[in-house]
Amino acid sequence: MTAHPALSPAVLGPLQLPNRLAVAPMTRTSATSDGVPTPEMADYYAGFAAGGFGLVVTEGTYTDRLYSQAYLNQPGLVTAAHVEGWREVTSQVHANGGRILAQLMHAGAISQGNPYADGTVGPSAIQPLGEMMPDYGGSGPWPVPRELTAADLDLVVEGFVTAALNALAAGFDGVELHGANGYLLDQFLTDYTNQRTDEYGGSVSNRVRLIARITAAVVEAVPASFVVGVRLSQTKVNDLVHRWAGGAADAAVIFPAVADAGASYLHIASEGRNWIDTARLAGGQTITGLARRLTGLPVIVNGGMHDPDQAAQVLNDGHADLLAIARGALANPDLPRRLAEGRELAAFDRAMLHPAVTLANAQAWQAVRS
């Protein structure tokens, strides 16, 4: 039997990976109330490494004690206690043969649980679409955010840099800057949430400026051996139908801007949907394949990558270099081993994440299932 292409080694910036299978970032809201990772979180992440995943990307982790936190019980990378908590996570992942990146995230206008601040902030004072997410502890419409000033933006950049340095101290192999899914950096990139008239608004080359600025600042602050990736998407947690207005023309501005800022890789997210539904562009090309061609950087793709046939097509046809798996990984923390041995994958059960996305909820589901 021919080995699946996802089981071949890969290079991600300075990292040598044993395979092309990564655990996608998934919010679990299972830290302490002040954002410290718990022993249960260490076991959770280590389980993926033990199951054979070459790379683990953490859930979105907040970057400052101002406006960055999105959800109650979300982990942070701000305090000494955060660093110590994450150090236990990274130690266990490394002990099981894995590599782990911290995803750094600022919620911006779609924060629905932040004990550090009253209200929210965004590129412009525009109410987000949709409503808060019940499975993450929210309800009702999003508030109208306060527009960030130039001084505020300096603090946002500083928060990402400090969090990256804290990730380095905590033993992470790198960081992934969250510029996707409707959070703050994506809000700057999106035309209808960014109505600014300064250098961060207007044209797509201006709207990508904050992502590029933060990427360059983090790359400058950390050693060359430390991975700095960027996650981007067209869709959002609160707008699954959104696409970049300029399509491939916007991508031709966005991707090189991030690459020129020093990113080690790009992670193109599809917001829980099948990859091809959100990746297809006019003319038959895919946004992930375009990212590879425009930048020469490794590209991580997600959206249905637990399907072995689709995963093989994505890799063999040059659409991406690595596969990020979310719900398939929750149902199969040993998915790489199952793939190597030709074993059937367990089906994902929505009850694992409902009525809450917490690890405690998943453990309760497992207890009933057992």
Side-chain angles (χ1 to χ4, degrees), residues 22 24-27 57 59-60 70-71 103 105-112 122-123 126-136 138 141-142 176-194 204 207-208 210-211 229-255 258 265-282 284-292 294 299-307 310 314 319-320 322-329 348 350 353 357:
M26 292 177 280
T27 298
V57 185
E59 61 208 283
Y71 309 106
Q103 189 188 71
M105 167 182 155
H106 193 302
I110 60 170
S111 171
Q112 60 181 50
I126 295 173
Q127 185 176 31
L129 298 177
E131 294 191 342
M132 297 184 191
M133 297 171 282
D135 286 359
Y136 297 87
W142 310 95
E176 178 175 280
L177 309 179
H178 199 348
N181 306 123
Y183 298 105
L184 181 69
L185 303 188
D186 183 53
Q187 291 159 28
F188 269 83
L189 190 57
T190 301
D191 49 8
Y192 71 80
T193 55
N194 182 351
V204 67
R207 287 184 275 117
V208 76
L210 182 61
I211 300 174
V230 177
R231 192 181 212 214
L232 299 165
S233 71
Q234 297 190 91
T235 58
K236 312 172 189 306
V237 294
N238 63 321
D239 184 358
L240 296 177
V241 300
H242 181 262
R243 299 292 185 277
W244 292 340
D250 281 5
V253 175
I254 295 165
F255 295 147
V258 175
Y265 71 86
L266 298 176
H267 182 177
I268 312 302
S270 63
E271 194 47 59
R273 306 174 71 189
N274 189 285
W275 162 76
I276 198 61
D277 292 340
T278 53
R280 199 192 321 265
L281 295 171
Q285 64 183 333
T286 61
I287 194 167
T288 53
L290 182 61
R292 292 181 82 228
L294 287 172
V299 170
I300 303 178
V301 63
N302 87 312
M305 292 301 125
H306 60 278
D307 180 331
Q310 178 169 255
V314 165
H319 297 291
L322 289 95
L323 313 169
I325 300 173
R327 294 178 179 182
F348 171 76
R350 167 128 176 88
L353 300 178
V357 299

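Position 1 is the first residue of the sequence; numbering continues from there. From a predicted model like this one, the values you see are computed outputs, not experimental measurements.
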task: Find the distance between CG (D250) and CG (L189) and round it off to the nearest 0.5 Å.
output: 8.0 Å
field: Any H106 side-chain heavy atom under 4.5 Å of Y183 side chain
entry: no
- prompt: What residues form a side-chain hydrogen bond (donor to acceptor under 3.5 Å, both in side chains) with E59, not counting sequence neighbours?
  reply: Y45
task: Could you tell me which non-hydrogen atom of G303 sits nearest to which non-hydrogen atom of Q310, and how far apart they are?
output: O-NE2, 3.3 Å
message: Going by ring pair (Phe, Tyr, Trp, His ring centres under 6.0 Å), name the residues that satisfy it together with W142, two or more places apart in sequence or in a different chain.
response: none
field: Least distance between heavy atoms, A248 atom then L281 atom
entry: CB-CD1, 4.3 Å
Non-neighbouring partners of Q187 that pass side-chain hydrogen bond (donor to acceptor under 3.5 Å, both in side chains), sequence neighbours left out: none
query: Quick one: does P141's side chain get under 4.5 Å of Q127's, heavy atoms only?
result: yes
message: Can you list everything that forms a side chain to side chain contact (heavy atoms under 4.5 Å, CB included) with T288? Sequence neighbours excluded, please.
response: I268, W275, T286, V299, V301, H319
- line: Minimal heavy-atom distance between G182 and N238, with the atoms involved, is CA-OD1, 4.5 Å
query: With V357, which residues qualify under side chain to side chain contact (heavy atoms under 4.5 Å, CB included), at least two apart?
result: T29, D135, Y136, L353
message: Under the rule for ring pair (Phe, Tyr, Trp, His ring centres under 6.0 Å), what residues qualify as partners of H267, not counting sequence neighbours?
response: none
- line: Rounded to the nearest 0.5 Å, the NE2 atom of H178 sits from the OG atom of S233 at a distance of 7.5 Å
statement: Residues passing the side chain to side chain contact (heavy atoms under 4.5 Å, CB included) test with P134, sequence neighbours excluded, are none
- prompt: When D186 is tested against each of R207, K236, R231 for salt bridge (charged side-chain N to carboxylate O under 4.0 Å, His left out), which residue passes?
  reply: K236
field: Heavy-atom pair of closest approach, residues S270 and T278
entry: CB-OG1, 3.0 Å
query: Say you draw a straight line from CG of N302 to CG of L323; how long is it, rounded to the nearest 0.5 Å?
result: 10.0 Å
task: Over all heavy atoms of both residues, which pair between L290 and A251 is shortest? Give the atoms and the distance, please.
output: CD2-CB, 3.7 Å
- request: Output the distance between atom CD1 (I254) and atom CD1 (I211), rounded to the nearest 0.5 Å.
  value: 7.5 Å
Residues in side chain to side chain contact (heavy atoms under 4.5 Å, CB included) contact with Q234, at least two apart in sequence or another chain: R243, W244, I287
task: Calculate, to the nearest 0.5 Å, the distance between atoms CD1 and CG belonging to I126 and N194 respectively.
output: 8.0 Å
field: Which residues share a ring pair (Phe, Tyr, Trp, His ring centres under 6.0 Å) with F348, sequence neighbours left out
entry: none
- request: State which residues pass salt bridge (Lys or Arg N to Asp or Glu O under 4.0 Å) with D191; sequence neighbours excluded, sorted by chain then number.
  value: none
query: Which residues pass the ring pair (Phe, Tyr, Trp, His ring centres under 6.0 Å) test with F188, sequence neighbours left out?
result: none
message: So, using side-chain hydrogen bond (donor to acceptor under 3.5 Å, both in side chains) as the criterion, who are the partners of Q285 when residues are at least two apart?
response: R293
query: So H306 and R327, side-chain contact (heavy atoms from CB on, under 4.5 Å) or not? Walk me through it.
result: CA-CA 8 Å; H306 60 278; R327 294 178 179 182; over 6 Å; no
Distance (rounded to the nearest 0.5 Å) between E176 CD and I300 CD1: 6.0 Å
